[in-house]
Amino acid sequence: MALPIKPIADFAIKHGPKALKHTRTAYNVAVGANKLVKDHKQKNLDEGKLHYRKQRYIEYNQKILKNLDKSQRTELVKYKMEINQFIQQIDAEEIDELRTKKPLHNKRRKNWKSLLVQIDAKLKTKDYQEYLKIHGNSEYISTYFEGFEVNVNTFKKIIENKNPEELTTFLVKQTNMTTTIINEDFFIN
């Protein structure tokens, strides 16, 4: 069965411009409303009206994650501990509050855990890079490990003992790298 084209074309010619006008108006209203919401959120952020955890989440996403490469180990550990505390707070709130808020708590926990995974991965990667530098040059002084000299001293003692199994075990524990990668990078047979 074929559709009659003429009535459809007549309808489009007659009502098309009006529909287009209303579509443009609706689009402009939506864009304006979106801008108002963003401005309101930014105003609340600037005035400090947001919940502390929400402010920190925004700060992590906008500033801290972008500068992880420049962070020292003390900062990365501090970030990791802070995020773990936030996750514990969310868990405690979930226990205290109604079940209806469970999806909200799950979303918050998931967001914080995704940040934690990124920071933890950067921590392990930077640790591994620094251990490589120390292994390559025993005189290398790491500013990254400032405050964590015990790790560096332990690593240097393991290198001096020339025990490849102990070296591999230490690096696997500290960096979560695979033994294959460690053996290749540190020239362990």
Side-chain heavy atoms nearer than 4.5 Å, only ILVMFWY residues, links allowed to pass through others: does that put [X] and [Y] together?
X      : Y      : answer
Val117 : Tyr79  : no
Val150 : Tyr144 : no
Phe170 : Ile181 : yes

Donor + acceptor pair across side chains of [X], [Y] (<3.5 Å):
X      : Y      : result
Tyr60  : Glu82  : yes
Asn106 : Arg109 : yes
Tyr140 : Glu130 : yes
Asn176 : Tyr128 : no

> Which atom pair, heavy atoms only, marks the closest approach of Met177 to Val172?
Replying inline: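 Shortest heavy-atom contact: O-CG2, 3.5 Å.
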>> Using every non-hydrogen atom in the two residues, find where Lys54 and Leu50 come nearest and quote the distance to one decimal.
In response: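 Here Lys54 and Leu50 meet closest at CG-CD1, 4.2 Å.
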>> Please determine whether salt bridge (charged side-chain N to carboxylate O under 4.0 Å, His left out) holds for the pair Arg56 and Glu59, giving the CA-CA distance in whole Å, both sets of side-chain angles, and the decisive distance to 0.1 Å.
In response: CA-CA 5 Å; Arg56 289 298 288 165; Glu59 187 177 343; 3.0 Å; yes
> So, the side chain of Asn67 versus the backbone of Lys63: is there a donor-acceptor pair under 3.5 Å, distance only?
Replying inline: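 Side chain of Asn67 to backbone of Lys63, a donor-acceptor pair under 3.5 Å: yes, one is there.
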>> Treating Asp120 as the side-chain partner and Leu116 as the backbone partner, does any N or O pair qualify as donor plus acceptor under 3.5 Å?
In response: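 No, because the side chain of Asp120 does not come within donor-acceptor range (under 3.5 Å) of the backbone of Leu116.
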>> Rounded to the nearest 0.5 Å, what separates atom CD1 in Ile90 from atom NZ in Lys113?
In response: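 Ile90 CD1 to Lys113 NZ: 9.5 Å, rounded to 0.5 Å.
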> About how many Å separate CG of Asp185 and OG1 of Thr180, when rounded to the nearest 0.5 Å?
Replying inline: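 The distance works out to 10.5 Å.
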> Between Phe186 and Tyr131, does the ring centroid distance fall short of 6.0 Å?
Replying inline: no
> Would Glu93 and Arg53 count as a salt bridge (charged side-chain N to carboxylate O under 4.0 Å, His left out) if you check the C-alpha gap in whole Å, the side-chain angles of each, and the deciding distance to 0.1 Å?
Replying inline: CA-CA 13 Å; Glu93 288 173 7; Arg53 219 173 31 224; 3.0 Å; yes
>> Tell me whether Arg73 forms a cation-pi arrangement with Phe145, defined as NZ or CZ under 6.0 Å from the six-membered ring centre and within 45 degrees of its axis.
In response: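 No - Arg73 does not lie over the ring of Phe145 by the 6.0 Å and 45° rule.
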>> Which residue in the set Lys102, Lys101, His105 passes side-chain hydrogen bond (donor to acceptor under 3.5 Å, both in side chains) when paired with Glu94?
In response: Lys102
> Would Lys126 and Asp69 satisfy salt bridge (charged side-chain N to carboxylate O under 4.0 Å, His left out), going step by step from the backbone distance to the final call?
Replying inline: CA-CA 8 Å; Lys126 287 187 79 163; Asp69 289 335; over 6 Å; no
